[in-house]
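Here's the structure, in structure tokens; my notes come after.
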Amino acid sequence: MPVEPTGSRLERILVLVPWVVAHPGVTVDEVGERFGVTRAELLADLELLFVCGLPPFGPGDLIEAYVDGDIVTIRFADYLSRPMRLTRREALVLLAVGRALASQPGLAEAASLRSALGKLERATTPDAASAAKDAAEHVAIDVERQPGALHALRLAISQRRRVRMTYYSFGRGEMTERVVCPLVVFTTGGSWYMEAFDEKSGEDRIFRVDRIRDLVPAGEACEEHETSRDRPTPERLFTAGEHDLEAAIDVSPKAGWVAERTPHESAKKIAKGWTRLTLRTPNLPWLERLLLQLGDEGRASAPPELAEGVREIARKALARYEGGARSSPPRTRRAARGGS
Amino acid sequence: MLCRDPMAKVERLINLIALLMETRRPLTPEQIRAAIYKGQSDVAFKRMFERDKEELRDIGIPLERAATDVWETEEGYLIRREEATLPDLGLEPDEQAALWLAARASLGGDTTLQRALLKVSLAGGTVPSSGSSADATVAGAASPHLPGLLDAIAERRRVRFRYRTGGGGAPASRTVEPHALEYRGGWYLAAYDTNREAVRHFKLDRFASEVTPVAGKVPQFEPPASAPPGVPHGPWEGAATIEARIAFGPSSAWWVQRRTGARVVAQRDDGWIELAVPMADRTTFLSWVLGFADDAEILSPDDLRAAAIERLRRAAGVA
């Protein structure tokens, strides 16, 4: 086990003491979880505190730190009972990244976040605050520009009302008309998403907000069972549904980005530096398109229909190129000249 | 006396903090030495005390120097509680919630941040329960490299790290002048690569080592004359040289147009729309268009169209 640097151990102890003092009756496991330390590490910290205190370090001058029946107790540490100011690095991360996030269009909490950061900045040492200000100018958080539908979706969520939308499914390459009950909007990986109860399938579905073309209120209220959920969205997001298929694709070393961007169950090294990704998915068309995009850098592995699917969409696309459908300007209307 | 002699370093620092926080009057170096650095030689004490002061300053606990008496004949040290500790922040519930959301959004489980948030929760009341808002933001890629890189950007200090490229291969060492951090589905560092003599984007997920600051006086480089270019959103962004003309089907054209900002060249009677899309990297661009399968057709340039047909033939199993 690598030796923990003095600085980080000291910093942890300086937060651990006030935290335990503020939470009487807390257990070893709770402290361990909160501070990301093992039982042994926590006991070592307490042992260390036990021999600290004020000169002349007699029994009455020392901190009392012990575990009794799994309950962690720290006493006589008045001088350590308040949290220290944010360190330069803590301030840098929280303030610089927080500022960047607050200036991102479309974030509902931006105003609250800005005022919270203001209070925090005033409580930070001038040196750290000014470093954070310098760094903040060089931090950008780029979530796609607020898609137009976001406002309407938030309104629908707060009123628990259904919406009717035209949605572009990239995997299938088609537009569908759906009535959904929006549950939550969120960002991840730089895009906005909506989770909604989809009437058509009778299930919760994730939709990308930028692929919603038109959105209108459907006028009806959502039913209770459609909007109540026991698990938070982030946990549900990338968990496989019970009807999901298992699929596997092989990607070349050049296509390493696929593993980074595609949620998968396992990644196994196979011959020549290639990787086999196993994943669960509700449908195959998006994988077929991904494989077509990868060309020689990717291969379908399972199920057998996947490889056939790729050949099929390639044939269809080829027919478009070879079927003489290529347009020539005289047969089209020039949008630039406003002809319609 | 229970404290081992010489005391272990963390123990000694905690005792030093306790001593200097409890005292009402500044303590002279001799008094501090007698209490904490017992048995050390003059030289050893001086060296240790200097290092300890520095260590405490690094973690945000400054030792204050002040005269020990009104005649100012002697100087001593103390830590003022109101300076060293976090005052009550008076955060409203919505402010706390927003702060937690922000932390989760872009930072995930970084330990520096976790600690900062614990301090804030101790100075501001209760830890809010999440999910109070209609928005939920899923944790992005947490990166342990953020604090060090932010520090280096603020100081304008060079850093070294080992880096894996997207195409596989062994990680190679890079020395860079860090300019900016950008979050786009993951964290990227825009930096001037001193070996390649060009500004590059480095994905923090692909760092294969810790970030090591290059020692020496700062600033170590001039700030960049212009803001670094953003990480491209797609193969239509970047140093575009030519425009490709592509026809998209009715279901995808509106989306491509909205996303890329491409110019509409023509609207066909069958609902297809011809767009002029800037092309940066040819290979990625071709792959991107092929991903639309039969919902897109490259019209020009001719060699790109030919390359698309070639790739589709192979994929279709047509020799």
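Throughout, a chain's letter reflects where its sequence line sits, starting with A, and its residues are numbered from 1.
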Taking every non-hydrogen pair under 4.5 Å, which of [options] racks up the most with chain B?
options: A/I63, A/L290, A/T87, A/L117; result: A/T87
options: A/I313, A/L292, A/V310, A/T125; result: A/L292
options: A/R289, A/Q293, A/R85, A/R311; result: A/R85
options: A/L49, A/D78, A/D134, A/D296; result: A/D296

By side chain to side chain contact (heavy atoms under 4.5 Å, CB included), which residues pair with B/A191, not counting sequence neighbours? B/V176, B/L189, B/F202
Would you call [X] and [Y] a salt bridge, taking side-chain N to carboxylate O under 4.0 Å as the test?
X: A/R9; Y: A/D45; result: yes
X: B/E274; Y: B/R263; result: no
X: B/R305; Y: B/E297; result: yes
X: A/D210; Y: B/R258; result: no

Engaged part of [X] at the chain B interface, taking heavy atoms whose separation is under 4.5 Å:
X: A/I13; value: side chain
X: A/A123; value: both
X: A/A96; value: side chain
X: A/I212; value: backbone
X: A/L291; value: neither

Between [options], which has the largest tally of heavy atom pairs under 4.5 Å with chain A?
options: B/Y188, B/W288, B/W272; result: B/W272
options: B/I14, B/D295, B/I153, B/D294; result: B/D294
options: B/A308, B/S287, B/A296, B/A180; result: B/S287
options: B/E83, B/H179, B/E155, B/E92; result: B/E83
options: B/G249, B/G148, B/A34; result: B/G148
options: B/L19, B/I309, B/I17, B/L290; result: B/I309

Using non-hydrogen atoms only, which part of [X] is less than 4.5 Å away from chain A: side chain, backbone, both, or neither?
X: B/I273; result: neither
X: B/Q31; result: neither
X: B/I61; result: side chain

Can you see whether A/S169 engages A/E174 through a side-chain donor-acceptor pair at a distance of less than 3.5 angstrom?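 There is no such pair (donor and acceptor under 3.5 Å, judged by atom type) between the side chains of A/S169 and A/E174.
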Do other residues, nucleotides or ligands put more than 12 heavy atoms under 6.0 Å from the CZ atom of B/R51? yes
Which distance, rounded to the nearest 0.5 Å, do you find between the CD1 of A/I157 and the CD of A/E195?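 These two atoms lie 10.0 Å from each other.
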Taking salt bridge (Lys or Arg N to Asp or Glu O under 4.0 Å) as the definition, give me every residue that meets it alongside A/R89, ordered by chain and number, with sequence neighbours left out.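 A/R89: salt bridge (Lys or Arg N to Asp or Glu O under 4.0 Å) contacts with B/D151.
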Would the B/F292 and A/F170 ring centres measure less than 6.0 Å apart? yes
How about B/F248 and B/W255: are their ring centroids closer than 6.0 Å? no
